[in-house]
Amino acid sequence: MQEPVAKLNFLHALVAGGVAGVVVDIALFPIDTVKTRLQSELGFWRAGGFRGIYKGLAPAAAGSAPTAALFFCAYECGKQLLSSASNTKDSPYVHMAAASAAEVLACLIRVPVEIAKQRSQTLLGHKQHQTALQILLRAYRTEGLRRGIYRGFGSTIMREIPFSLIQFPLWEYFKRQWTPMTGYESTPLSVALCGAVAGGISAGLTTPLDVVKTRIMLAERDSLTRRRNVPSILHGIYVERGLRGLFAGFVPRVLWITLGGAFFFGFYDLTTRLLGAANADN
């Protein structure tokens with residue numbers, strides 16, 4: 001019975017993760033655009049202000065389902081494998097390791113999507129009347145695969161892994177403590193609330209890494225930012241703008257990921273339950 005159950009869990013994670021990713025990215029896209037423009041070297045108004053707030057929605061919508069599906073498949077499978085190998089259950093170390101490995105895999109899709117999305121959001125692609133595909137093709141032709149399409153891969157991982165090391169153990173802990181603390185059974189709504197709190201905390205603490213990732217992805221080919229490493233970019237932002245610069249976009253990022261965490265984990269749990277119920281009926 002183990003193999004069919006594992007196969008069903010994999011398929012449930014695939015579908016549920018994809019549904020959750022699309023809902024979050026489309027519903028909260030304007031907040032993400034504001035955050036990106038606040039973090040841009042151009043400054044908020046020069047990067048577009050409140051104009052074209054849905055610029056970059058197409059690549060975000062197209063990439064959200066496969067990114068989220070790949071992440072949750074890797075996370076759930078990693079969690080099962082590591083729990084079995086270590087003979088432990090609900091260990092925060094297992095959640096940390098599984099989430100970190102899943103983030104690295106998800107970044108294979110996320111980084112090109114982020115390149116196209118963020119350049120559209122700051123109107124860099126709009127100035128040249130480029131679509132998302134044209135932005136990626138131009139990046140590949142001028143800078144190649146690693147330095148063009150996957151520019152910022154390292155800084156994205158440096159943002160995502162600390163984020164996941166905080167978010168997923170917190171989310172799993174809050175879920176476990178929900179019934180003992182409240183006396184109520186776990187529901188998609190309670191899972192959503194746990195995801196919102198865990199996401200908001202993680203988002204706030206990792207904002208400086210998100211600022212660096214945005215700067216690297218938006219940097220012009222011959223700019224100084226393009227030639228610097230992450231620590232020197234962080235130092236440069238601090239010297240130039242202080243803590244306010246390091247935490248640029250803090251409010252929209254925390255708001256976006258708090259609401260996103262609620263939508264994402266809530267829809268993920270709801271979809272998983274619906275798929276489980278449908279399978280039980282069959």
Side-chain angles (χ1 to χ4, degrees), residues 32-49 55-56 59-60 63 67 100 103-128 130 132 135-166 202-254 256-257:
D32 181 46
T33 301
V34 170
K35 186 264 309 179
T36 298
R37 292 176 180 177
L38 283 168
Q39 293 177 347
S40 169
E41 274 186 286
L42 295 172
F44 179 71
W45 295 109
R46 286 179 61 204
K55 277 288 178 184
T67 302
S100 298
E103 287 292 3
V104 173
L105 282 175
C107 280
L108 294 173
I109 301 174
R110 181 180 291 125
V111 171
V113 169
E114 287 280 302
I115 291 276
K117 181 191 77 173
Q118 291 198 318
R119 292 184 185 181
S120 296
Q121 285 175 324
T122 54
L123 305 184
L124 294 178
H126 176 70
K127 286 180 181 178
Q128 300 167 28
Q130 291 181 317
I135 290 171
L136 290 176
L137 284 173
R138 185 172 184 273
Y140 177 73
R141 286 169 182 159
T142 57
E143 299 180 82
L145 186 67
R146 187 172 67 86
R147 294 179 180 275
I149 291 179
Y150 279 98
R151 182 200 290 188
F153 185 84
S155 60
T156 304
I157 289 175
M158 285 180 66
R159 178 196 68 174
E160 295 297 340
I161 289 181
F163 179 86
S164 293
L165 289 177
I166 301 167
S202 308
L205 292 174
T206 57
T207 297
L209 297 173
D210 187 51
V211 174
V212 171
K213 190 267 313 177
T214 299
R215 292 286 185 94
I216 289 173
M217 285 188 167
L218 295 179
E220 297 291 341
R221 185 179 180 185
D222 299 321
S223 69
L224 181 61
T225 300
R226 184 72 184 81
R227 299 191 295 271
R228 295 161 73 185
N229 56 29
V230 171
S232 65
I233 294 172
L234 279 170
H235 181 260
I237 294 171
Y238 179 73
V239 169
E240 180 187 344
R241 299 187 185 178
L243 286 175
R244 188 174 179 177
L246 289 175
F247 284 89
F250 177 87
V251 172
R253 174 170 164 79
V254 171
W256 171 50
I257 294 183

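Since this is a predicted model, take the numbers as computed values, not measurements.
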Between [X] and [Y] (side chain of the first, backbone of the second, donor and acceptor by atom type, cut-off under 3.5 Å), is there such a pair?
| X | Y | answer |
| --- | --- | --- |
| Gln121 | Thr36 | no |
| Arg159 | Leu209 | no |
| Ser155 | Gly152 | yes |

Could you tell me whether the side chain of [Y] reaches within less than 4.5 Å of the side chain of [X], counting heavy atoms only?
| X | Y | value |
| --- | --- | --- |
| Ser202 | Ile257 | no |
| Ile216 | Arg151 | yes |
| Thr122 | Lys55 | no |
| Phe153 | Leu108 | yes |
| Leu246 | Val211 | no |
| Tyr150 | Ile115 | no |
| Cys107 | Val104 | no |
| Lys35 | Val251 | no |

Within this structure, what is the [atom1]-[atom2] distance for the pair [X] and [Y], rounded to the nearest 0.5 Å?
| X | Y | atom1 | atom2 | value |
| --- | --- | --- | --- | --- |
| Arg228 | His235 | CZ | NE2 | 9.0 Å |
| Ser164 | Ile161 | OG | CD1 | 8.0 Å |
| Thr142 | Arg147 | OG1 | CZ | 12.0 Å |
| Leu136 | Ile149 | CG | CD1 | 5.5 Å |

Let me see the working for Asp32 and Lys117 under salt bridge (Lys or Arg N to Asp or Glu O under 4.0 Å), right down to the final yes or no. CA-CA 10 Å; Asp32 181 46; Lys117 181 191 77 173; 2.7 Å; yes

Within 6.0 Å of OH in Tyr140, more than 12 heavy atoms from elsewhere: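 Counting neighbours around OH of Tyr140, 12 or fewer heavy atoms of other residues, nucleotides or ligands fall under 6.0 Å, so no.
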
For Glu103 and Arg110: C-alpha separation, side-chain torsions, deciding distance, then whether salt bridge (Lys or Arg N to Asp or Glu O under 4.0 Å) applies. CA-CA 9 Å; Glu103 287 292 3; Arg110 181 180 291 125; 2.9 Å; yes

Taking all non-hydrogen atoms of both residues, which atom of [X] and which atom of [Y] are closest, and how far apart?
| X | Y | value |
| --- | --- | --- |
| Leu234 | Pro208 | CD2-O, 3.8 Å |
| Leu38 | Pro252 | CD1-CG, 3.6 Å |
| Ala60 | Val113 | CA-CG1, 4.1 Å |

Before giving the answer on side chain to side chain contact (heavy atoms under 4.5 Å, CB included), spell out for Thr214 and Glu41 the whole-Å C-alpha distance, their side-chain angles and the decisive distance to 0.1 Å. CA-CA 9 Å; Thr214 299; Glu41 274 186 286; over 6 Å; no

Does any donor atom in the side chain of Thr207 or Asp210 lie under 3.5 Å from an acceptor atom in the other side chain? no

Less than 3.5 Å apart, any donor N or O on the side chain of Ser40 or Arg215 sitting next to an acceptor on the other?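 No.
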
Does Glu114 form a salt bridge (Lys or Arg N to Asp or Glu O under 4.0 Å) with Lys213? I'd like the steps, not just the answer. CA-CA 10 Å; Glu114 287 280 302; Lys213 190 267 313 177; 2.5 Å; yes

